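One structure below.
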Amino acid sequence: MNILLTGAAGYIGSHVARLLQQSGHEVFGADDLSTGFATRFDGKIEHVDLASADAVEALKAVFLANQIEAVVHLAARKQVGESVQKPEWYYLQNIGGLANLLTAMRETRVQKLLFSSSAAVYGMPEAQIITEDIHCQPINPYGETKLIGEWMVADAGKAWGLNHVSLRYFNVAGAGWEDLADTAVANLIPIAFAAIRAGEPVRVFGDDYPTDDGSCVRDYIHVLDLAEAHKSALEYLDQANREHSVFNVGTGTGASVFEVLAAIKEQTGVDFEVSIEPRRAGDPPKLCADVNRIQSTLNWQAENDLESIVASAWLAK
Ligand code: UFG
């Protein structure tokens, strides 16, 4: 299939691109290169800010020149804290960018879209194992833009027959190839690695949560498993009758911050100090995906455990 992948130069995008290419798909990239690196993607990248005034025409030209059949849309701003500080910019970028993309798709009759969503759409749910059907109540502009994005693609489905799937990623980490590290230092594992390499203690935000060891539990999903989920979802988009359009992507098993740090000590062989800090605002005690829907509908499940996530992340550059 000829696919346009937005965010192709990013950490997740480059994994999705490489896996799809190895599976025989023709992948064309689009990226504004604000946080990504063109060298991560083996192919041509259309340098475009999707939220810019000329994005619709630029995208239409790419669609027509390359007979694009499907779009995998990953390009977005994704820092929760920054989204609280600059909400208008997050709406402009994530919602404006998606509106331009949908406009270009509609005008060139590109009918298939895989949308990158997030567990951030759930907010602070009471349930600890989260099914796709619970009421979504995001607690920050980042999560809001992802939920609105899901609504936009669903509305395009109703209005002009867009075939769409949204994947709600849980905590993505690890590396599928050694040259595709998560360089952002924005999440627990890269933050811990940066602290360890600087000889500083790793901070644990709260050890008094109502969990087994008192630290927060999250569902860590290997980025290569996540990329495989995109491959399965693209095949699903080809089916005539699709029962679902929203899927959690996680393992279904949680790991606490202390368990992640223990895995890091074991996999790296480095002993490091841990400092217990106050709770971070807005952290739910436990967030874990119910993965029944994706397992039974897309026939996908995660293969990699926490140890392989940590080991692969440590080796990657
Ligand atoms: N944590 C620490 N110390 C740190 C960094 C994080 O203890 O130095 C803890 C956090 O408090 C949290 C856990 O590690 O309990 C994971 O934190 P991350 O910041 O890595 O991830 P979050 O679960 O907060 O959020 C991530 C993504 C979001 C996405 C969400 C979906 O960053 O974009 O998962 O579940 F929306």
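One-based numbering, in listed order, for ligands and for the atoms of each. Given the structure is predicted, the values throughout are model-derived calculations rather than measurements.
Residue-ligand proximity, Tyr142 to ligand 1, at heavy-atom distances under 4.0 Å covers atoms 33 (O), 36 (F). Atoms of ligand 1 found under 4.0 Å from any heavy atom of Cys216, numbered from 1 in the order shown, are 15 (O). Close approach to Val204 involves these atoms of ligand 1, each under 4.0 Å from a residue heavy atom: 7 (O).
Residue nearest to atom 31 (C) of ligand 1, selected from Ala119, Gly81, Ala289, Ala195: Ala119 (by heavy-atom distance). For atom 16 (C) of ligand 1, the nearest non-hydrogen atom from the set Tyr220, Tyr169, Tyr209, Phe205 comes from Tyr220.
Among all heavy-atom pairs drawn from Leu113 and Val153, the shortest one is CD2-CG1, 3.2 Å.
With salt bridges taken as basic N to acidic carboxylate O contacts below 4.0 Å, one links Asp283 and Arg218.
If you check which protein heavy atom lies closest to atom 20 (O) of ligand 1, you get Leu188 N, 2.8 Å. Of the protein's non-hydrogen atoms, the one nearest atom 28 (C) of ligand 1 is Val80 CG2, 4.3 Å. Looking from atom 25 (O) of ligand 1 to the surrounding protein, the closest heavy atom is Asn171 ND2, 4.0 Å. Summary of contacts: the protein heavy atom closest to atom 24 (O) of ligand 1 is Arg280 NH2, 2.7 Å. Here the heavy atom of the protein found nearest to atom 29 (C) of ligand 1 is Ser118 OG, 3.7 Å. Protein heavy atom closest to atom 9 (C) of ligand 1, with residue, atom name and distance, is Val257 CG2, 3.8 Å.
Side-chain N/O atoms of Glu82 and Tyr90 include a donor and acceptor closer than 3.5 Å. For Ser116 and Tyr169, the side-chain atoms include at least one donor-acceptor pair closer than 3.5 Å.
By the neighbour-count criterion of 12 heavy atoms within 6.0 Å, atom CD of Glu107 is densely surrounded, having more than that number from other residues, nucleotides or ligands. No more than 12 heavy atoms of other residues, nucleotides or ligands shown are found within 6.0 angstrom of CZ on Arg109.
Under the salt bridge (charged side-chain N to carboxylate O under 4.0 Å, His left out) rule, Asp179 has a single partner from Arg18, Lys317, Arg40, which is Arg18. Put simply, the residue from Arg168, His135, Gln137 that forms a side-chain hydrogen bond (donor to acceptor under 3.5 Å, both in side chains) with Tyr122 is Arg168.
Annotation: side chain of Met1 is in contact with side chain of Asp238 (closest heavy-atom distance under 4.5 Å).
Of all the heavy atoms of Arg203, the ones lying under 4.0 Å from any atom of ligand 1 belong exclusively to the backbone. If you look at Ala120 next to ligand 1, the close heavy atoms, those under 4.0 Å, come from the backbone and the side chain alike. Here Asn187 has heavy atoms under 4.0 Å from ligand 1 in both its backbone and its side chain.
Ring orientation note: the planes of His15 and Trp177 are tilted relative to one another, at an angle of 30° to 60°.
Residue Asp283 has at least one nitrogen or oxygen atom sitting less than 3.5 Å from a nitrogen or oxygen atom of ligand 1, judged on distance alone. On a distance-only criterion, Ile191 and ligand 1 share no N/O pair closer than 3.5 Å.
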